[in-house]
Amino acid sequence: MTSPSSAVVLIGPMGAGKTSVGKKVARALEVPFFDTDAAVSRAHGPIERLFAERGETHFRALEREAVKEGLAGGGVVSLGGGAVLDPDTRADLARHRVVLLTVAPRVVATRVRGSSRPLLAGEDPLERWTRIYEERRPIYEQLADVTFDTSSGPLQTVVERIVDWARPDHGAPFTHLEGDS
């Protein structure tokens, strides 16, 4: 059961729109927005550099700390696509409202083209994205309270549907504890 101070947490694959949607949902709900990838980058430098110089294991440890910080603050929290691989993060999400954003491979191809995402480096980024998504999909689906697809139509429609779901009069209770961090 979620607590009254639980966050709305956006999970899903790379390119699903978690950051874009999350910022707009937070603005509509008048709560803070926290992006774990942005927090790691701010504190430790570009993610692609962290992967290259320190490896994925080091990045995942930094990401876990960012997840804990974001969840503690409430509001709307966007997790990096692989954050759900951490068992402690999965356990923490049980106390929050989790939104899975999905996207079709044909759509994500244009969203991640030319990106510097370390896990997509190599010969065929779309094939790698598809493989990573298929590996993680069971975890995403197990954690999600609700799922919205961002493949078609304006993202604003998805934002409005999440806001309706998150508001107390439409969905799960929503509050934010001021001053918590």
Side-chain angles (χ1 to χ4, degrees), residues 6-51 59-60 62-63 66-67 69-85 89 93 96-121 125-126 128-130 132-134 136-137 139-141 143-167 170-172 174 176:
S6 67
V8 172
V9 183
L10 304 180
I11 64 170
M14 294 175 273
K18 296 179 300 286
T19 299
S20 300
V21 169
K23 287 178 181 177
K24 292 177 180 183
V25 169
R27 195 172 312 120
L29 292 171
E30 299 177 332
V31 297
F33 174 72
F34 188 93
D35 182 294
T36 61
D37 283 348
V40 170
S41 292
R42 261 192 320 275
H44 304 283
I47 292 172
E48 57 272 13
R49 192 180 84 218
L50 289 169
F51 263 78
F59 167 74
R60 295 293 176 204
L62 298 174
E63 180 180 56
V67 168
E69 179 185 351
L71 295 178
V76 176
V77 181
S78 171
L79 301 190
V84 299
L85 299 175
T89 292
L93 291 180
H96 300 277
R97 291 165 296 147
V98 180
V99 176
L100 170 58
L101 295 183
T102 61
V103 61
R106 65 177 167 70
V107 174
V108 86
T110 60
R111 293 184 186 173
V112 300
R113 183 178 297 131
S115 98
S116 59
R117 298 167 193 252
L119 292 179
L120 296 184
L126 185 56
R128 290 178 57 84
W129 178 91
T130 302
I132 291 167
Y133 178 52
E134 289 305 321
R136 295 175 181 172
R137 184 174 15 195
I139 297 170
Y140 292 145
E141 291 174 351
L143 294 169
D145 295 312
V146 64
T147 300
F148 297 100
D149 187 78
T150 66
S151 300
S152 61
L155 281 183
Q156 187 59 35
T157 301
V158 174
V159 169
E160 290 165 3
R161 292 175 65 202
I162 294 170
V163 168
D164 283 346
W165 174 80
R167 287 198 194 273
H170 292 100
F174 190 85
H176 169 69

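Residue numbers start at 1 and run along the sequence shown.
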Heavy-atom nearest pair, Pro13 first then Leu101, reads CD-O, 3.2 Å
Interatomic distance, CZ@Arg49 vs CZ@Phe59, rounded to 0.5 Å, equals 13.0 Å
For Pro105, does its backbone N or O pair with a side-chain atom of Trp129 as donor and acceptor, under 3.5 Å? no
**Q.** Any side-chain heavy-atom pair of Leu79 and Thr89 under 4.5 Å
**A.** yes
Interatomic distance, CG@Leu71 vs CG@Leu93, rounded to 0.5 Å, equals 6.0 Å
Checklist entry - Are Thr147 and Asp149 close enough that some pair of their side-chain heavy atoms sits under 4.5 Å apart? => result no
Return yes if some donor-acceptor pair links the side-chain N/O of Arg97 with the main-chain N/O of Asp145 below 3.5 Å, else return no. no
Exercise. Check whether any side-chain N or O of Lys18 sits under 3.5 Å from a backbone N or O of Gly12 as a donor-acceptor pair, and report yes or no.
Key: yes
Taken to the nearest 0.5 Å, the spacing of Asp35 CG from Ser78 OG works out to 4.5 Å
So CG of Leu62 and CG of Leu50: to nearest 0.5 Å the spacing works out to 6.0 Å
Validation row: Leu85, Ile139 side chains within 4.5 angstrom (heavy atoms): yes
Distance-only, no hydrogens or angles: does the Thr150 side chain make a donor-acceptor pair with backbone N or O of Ala16 under 3.5 Å?
-> yes
